Student: 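What follows is a single structure, and I will ask about it in a moment.
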2 protein chains.
Amino acid sequence: MDPTDQLILRELSQSGRMTMKELGEKVHLTGQATAARVLKLEEAGIIDGYTIRVPKEKIGYPVHAFVTAIMHEPRHQKFLDELDSQPDTVSRYFKTSGEGCYLIECHFPTHQELDDFLNGISEFASYKVTIAIQQYGQ
Amino acid sequence: MDPTDQLILRELSQSGRMTMKELGEKVHLTGQATAARVLKLEEAGIIDGYTIRVPKEKIGYPVHAFVTAIMHEPRHQKFLDELDSQPDTVSRYFKTSGEGCYLIECHFPTHQELDDFLNGISEFASYKVTIAIQQYGQ
DNA sequence: GTTTTCACTTGATTAATGAAAGGAATTGAC
DNA sequence: GTCAATTCCTTTCATTAATCAAGTGAAAAC
């Protein structure tokens, strides 16, 4: 992970589909040398994959919420299965220290679906909801 | 946004650097037709760009925290500038309704740097920290 | 009923990728 | 100090994919 690799990561984070030739120009290498470096980064797991950025509001999911879940009982698996069964709404979730047991990032078409989600969750956990009004960065 | 477009989004989310030819095979179109659809999705802002997934722990930032900031005073700009000045640690942040004013997702090499970050923030806001122990999904 | 539009395919051209060979700089062994 | 091994890069060439330009057919517009 020399400075060239770091630059590669920065450039690919911004524009992950540019050609190796283009990327090579940015880091002052040939396309082939650049591709070899990228391959190494992939093999090391530093580049874990390639994705697209899709603003959720553009695909009908404008309501963005963070739900802190405080579990009622120690068996969590059914709760986690419940989360995994809704990949469209549940983007990511984390086991956490701090106030809750889990922090869930999720997106919904309307507040109605958020309400439905919370009702589904309430079987397993009590919760606290934080609505994201505006996102910065990324 | 017909089912083919949705499939394109799903496939590119998983593997954002596959060739248009490959993607075309998955959605039963030629590479040319697929590229045309992808271009439309880009122009519509539905595909907002291409990125890499880089696990932060692989690049020396294993400590993952969500910081809820409750502002002391109404002028937030200096606080936001402070956040923007640390792009390595501050991944994203949100203006929120609910408990705090801002929710900040951040990564650090060690708890020491988290502490430094919190000290820097404390000038503007009080805070509550949630540490992510394990991530699921994405 | 004709024309326009749209989404797609086909075919030709251009550009990128991948493989192989070779050269310079670095490292370690003796 | 010299030699061999390794690493990292460049160059060249064959292969493959992307791009561009027509062209087709079906649906919508008038």
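Every chain is numbered from 1, with letters handed out A, B, ... down the list of sequences. In this text the structure is predicted, and so the values were computed from the model without any measurement.
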Student: In residues 44-52 of chain A, what residues come within less than 4.0 Å of DNA chain D, judged by heavy atoms?
Tutor: none
Student: Taking distance alone, no hydrogens or angles, what donor-acceptor pairs closer than 3.5 Å link side-chain atoms of residues 67-74 of chain B to residues at least two apart or in another chain?
Tutor:
residue: B/H72; atom: ND1; partner: B/F124; partner atom: O; Å: 3.3
residue: B/H72; atom: NE2; partner: B/S126; partner atom: N; Å: 3.4

Student: Shortest non-hydrogen contact from A/H107 to A/Y61?
Tutor: O-CD2, 3.4 Å
Student: Nearest 0.5 angstrom please: A/R37 CZ to A/Q32 CD, how far?
Tutor: 14.5 Å
Student: Please determine whether salt bridge (charged side-chain N to carboxylate O under 4.0 Å, His left out) holds for the pair B/R92 and A/E105, giving the CA-CA distance in whole Å, both sets of side-chain angles, and the decisive distance to 0.1 Å.
Tutor: CA-CA 13 Å; B/R92 307 185 297 167; A/E105 180 175 7; 2.8 Å; yes
Student: Do the ring planes of B/F79 and B/Y102 sit parallel (below 30°), tilted (30 to 60°) or perpendicular (above 60°)?
Tutor: tilted
Student: Please state how far atom CD in A/E25 lies from atom C1' in C/dA15, giving the value in whole angstrom units.
Tutor: 12 Å
Student: Indicate whether the side chain of B/E113 and that of B/T110 have a donor and an acceptor atom separated by less than 3.5 Å.
Tutor: yes
Student: Please state whether the rings of B/H64 and A/F94 are parallel, tilted or perpendicular, taking 30° and 60° as the class boundaries.
Tutor: perpendicular
Student: Are the side chain of B/R17 and the backbone of A/M18 linked by a donor-acceptor contact shorter than 3.5 Å?
Tutor: yes
Student: What does the B/S/- profile of nucleotides 7-26 of chain D look like, 5' to 3', with a 4.0 Å heavy-atom cutoff to protein?
Tutor: -SSBBB----SSBB------
